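Worksheet: the structure to be examined is printed underneath.
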Amino acid sequence: MPFSSAQLKVFLPPVLAVSNETTWWVALSGGLDSCVLLHSLATLNLPVKLHALHINHQISPNANSWQQHCADLCAQLNIPFTAVSVDVKNTGRGIEDAAREARYAVFTLHLTQNDYLLTAHHADDQTETMLLRLMRGTGPRGLAAMAQQRPLGAGTLHRPLLSFTRVELEAYAQANGLSWVNDESNSNDHYDRNYLRNQVMPLLRERWPSFANKWQQTADLCAANEALIDELAAQDLVLADFKTEFVGTSISLSYLEGLSSNRRNNLIRSWLRGQGLSTPEQQHIEQIERQVLAVRQDAETQVTWGDVSLRVYRQRVYALPLADLPLVPDVLPDFASVLELPSGFVLHFGFCEKHTKPLLKTDLSNLHCRFRQGGERCKPVGRGHSQTLKRLLQDYDVEPWLRESLPLIYSGDELVAVADLWICEGYQADAAGYCLKYERIPKASTP
């Protein structure tokens with residue numbers, strides 16, 4: 001269909017419930033597609049705040065001139081403009097992926113609740129994405145390609161141009177006298193997407209002129225199919241007794257074992273995606289089948305990839321973000337009312353007059369923190385006799401991967417408390433005392 005502002009309006013997010021605090025950020029690269037998107041939005045006089053956001057990747061020698069072009073266009077259209085420079089670091093997956101990660105990190109930072117980020121991905125981009133994913137091996141989720149809308153940070157990413165081809169957008173740009181910048185790297189067929197765009201797509205379009213529309217239909221069908229699969233996974237997650245743990249989350253091993261292989265894998269992938277963790281590839285699925293599902297009860301085992309470790313303990317499977325797992329500190333902290341541990345956790349000593357748990361005496365001398373060395377014993381308040389710390393941690397259901405990093409509180413050479421799990425007999429307060437709270441230090445937000 002010919003592109004126009006009126007046609008664009010059909011594919012925009014609803015504006016009826018927009019508040020004065022809502023902003024529609026427009027990702028403005030300076031290329032044809034984003035210039036057309038911004039210009040056509042400006043002509044609609046929508047009851048929203050438009051704000052153009054340009055990411056300067058500092059890769060091309062022309063990067064600064066592209067930024068200036070975007071600034072000039074926004075000045076002409078009377079639209080607020082923000083440019084952010086990023087440092088793109090290739091971590092092994094290619095400069096394109098690195099640039100995308102840097103770009104979306106900035107987008108996420110700028111979106112607040114109810115905000116939208118509008119990008120100019122169009123029908124040709126969609127078909128290229130489908131081809132790339134086919135070449136890498138994919139299922140319905142991959143063939144759904146780019147969704148028209150999905151959550152992004154605190155807001156929503158929306159792609160209103162997926163039903164329009166680049167040829168249609170270019171016709172609009174020429175009719176409205178728009179100018180745009182051309183990224184010189186687009187002619188470099190070393191990049192897979194450029195090779196498809198420059199060599200493969202013209203041949204497909206010559207043979208099947210309307211193939212992009214047909215492929216979009218395929219993407220829509222795959223997206224609908226994936227939505228049904230997600231609904232099934234959501235039901236399974238509830239039935240699997242999903243729990244948020246001290247570190248990570250867990251589900252029932254026995255429920256997982258009772259599912260078919262395909263349904264089990266679907267649940268695992270959906271569960272991890274919901275926690276913001278990387279999903280397993282086929283080799284990891286095979287390891288999960290062999291190790292996680294075949295181990296004896298209470299055996300310690302793990303399958304690790306990317307940023308996640310999958311472990312089993314007491315008939316539950318745990319998904320543990322590797323970055324959140326505590327390490328045993330090399331240096332012991334000085335005692336304080338808030339004991340910040342090098343492991344990334346903190347133990348609070350709050351003064352309480354009443355508490356449901358025993359309180360630690362406040363008049364103990366030489367309070368300090370240690371960590372397990374082996375052979376420690378203790379008699380928790382209310383227990384009949386003392387036991388080894390190893391046995392007590394098992395009785396208190398402390399996961400094995402958390403035990404070595406638990407802070408042990410000593411008065412001189414006497415063990416008086418273990419994290420916030422228990423107070424040792426003889427060191428509990430008769431009335432007011434310290435109530436202990438052990439927790440992970442909240443991660444600081446990126447400025």
Side-chain angles (χ1 to χ4, degrees), residues 241 243-254 295-302 311-318 320 325-329 332-333 335-339 341 343 345-440:
D241 189 27
K243 291 181 180 178
T244 299
E245 304 289 353
F246 189 67
V247 174
T249 58
S250 72
I251 59 175
S252 165
L253 175 59
S254 58
V295 296
R296 62 180 176 85
Q297 184 175 351
D298 291 343
E300 292 184 35
T301 187
Q302 64 175 308
R311 305 197 192 190
V312 176
Y313 180 62
R314 296 200 172 181
Q315 282 296 298
R316 295 193 69 80
V317 182
Y318 290 75
L320 305 171
L325 284 174
L327 301 175
V328 180
L332 298 179
F335 186 80
S337 60
V338 178
L339 195 62
L341 305 170
S343 58
F345 287 67
V346 63
L347 182 62
H348 298 271
F349 288 76
F351 185 78
C352 302
E353 294 186 357
K354 293 182 180 180
H355 202 273
T356 56
K357 296 170 64 176
L359 304 176
L360 181 66
K361 289 182 176 180
T362 58
D363 59 352
L364 297 173
S365 62
N366 190 21
L367 282 179
H368 59 279
C369 175
R370 299 183 191 175
F371 295 90
R372 290 182 66 189
Q373 299 295 317
E376 297 92 349
R377 297 185 66 88
C378 181
K379 179 185 176 183
V381 172
R383 304 275 292 206
H385 56 277
S386 69
Q387 290 178 302
T388 64
L389 186 56
K390 178 179 179 180
R391 176 58 186 273
L392 287 169
L393 293 175
Q394 292 173 349
D395 289 349
Y396 276 76
D397 279 342
V398 177
E399 295 93 325
W401 47 90
L402 300 178
R403 295 174 187 170
E404 298 302 317
S405 61
L406 282 176
L408 311 181
I409 305 305
Y410 280 78
S411 174
D413 291 329
E414 295 296 322
L415 179 61
V416 299
V418 175
D420 58 358
L421 295 174
W422 67 79
I423 306 297
C424 298
E425 185 66 52
Y427 300 99
Q428 70 271 32
D430 293 329
Y434 289 132
C435 49
L436 306 183
K437 183 178 181 182
Y438 181 54
E439 63 182 352
R440 189 165 55 237

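We count residues from 1, following the sequence as given. Just so it is clear, the structure is predicted and the values come from calculations on it, not from any experiment.
Atom CZ in Phe246 sits 12.5 Å away from atom CG in Leu320 (nearest 0.5 Å). Note: Gln387 CD to Leu392 CG = 5.0 Å, rounded to the nearest 0.5 Å. Rounding to the nearest 0.5 Å places CD1 of Ile409 at 9.0 Å from NE2 of His368. Put simply, CZ on Arg370 and CG on Leu415 are 8.5 Å apart, with the number rounded to the nearest 0.5 Å. Atom-to-atom distance recorded for Glu425:CD and Ser386:OG is 11.0 Å, nearest 0.5 angstrom. Rounding to the nearest 0.5 Å places CZ of Arg391 at 11.0 Å from CZ of Arg377.
Without hydrogens or angle criteria, Arg403 side chain to Val398 main chain gives a donor-acceptor distance under 3.5 Å. Judged by distance alone, with hydrogens and angles left aside, the side-chain atoms of Ser411 form no donor-acceptor pair with the main-chain N or O of Glu414 at under 3.5 Å.
For the pair Leu393/Leu402, no side-chain contact is recorded, criterion being any heavy-atom separation below 4.5 Å from C-beta on. Contact annotation: the side chain of Tyr410 approaches that of Leu408 to within less than 4.5 Å [non-hydrogen atoms, C-beta and beyond]. Taking 4.5 Å as the limit, some side-chain heavy atom of Asp241 sits within range of a side-chain heavy atom of Arg316. Leu367 has its side chain within reach of Tyr434: a pair of non-hydrogen atoms, C-beta onward, lies under 4.5 Å apart. Residues Leu406 and Arg372 are not in side-chain contact: their nearest non-hydrogen atoms beyond the backbone lie 4.5 Å or more apart.
Listed here is the closest heavy atom pair of Cys424 and Ala417: SG-N, 4.0 Å. Between Pro358 and Gln428, the shortest heavy-atom contact is CB-CB, 4.3 Å. Closest approach of Tyr438 to Ser405, counting heavy atoms only: OH-O, 3.6 Å. Closest approach of Cys378 and Trp422 over heavy atoms only: SG-NE1, 3.3 Å. When all heavy atoms are compared, the tightest approach of Arg383 to Tyr396 is NH1-CE1, 4.1 Å.
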> Does the pair Leu436 and Leu347 meet the rule for a side chain to side chain contact (heavy atoms under 4.5 Å, CB included), with working shown?
Replying inline: CA-CA 7 Å; Leu436 306 183; Leu347 182 62; 4.2 Å; yes
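Of the N and O atoms on the side chains of Ser250 and Glu245, at least one donor lies less than 3.5 Å from an acceptor on the other residue.
Within 6.0 Å of CG on Asp363 lie more than 12 heavy atoms contributed by other residues, nucleotides or ligands. Enclosure of atom NZ in Lys390 is not indicated, since only 12 or fewer non-hydrogen atoms of other residues, nucleotides or ligands lie within 6.0 angstrom.
Under the 30°/60° scheme for interplanar angles, the aromatic rings of Tyr313 and Tyr318 are found to be tilted.
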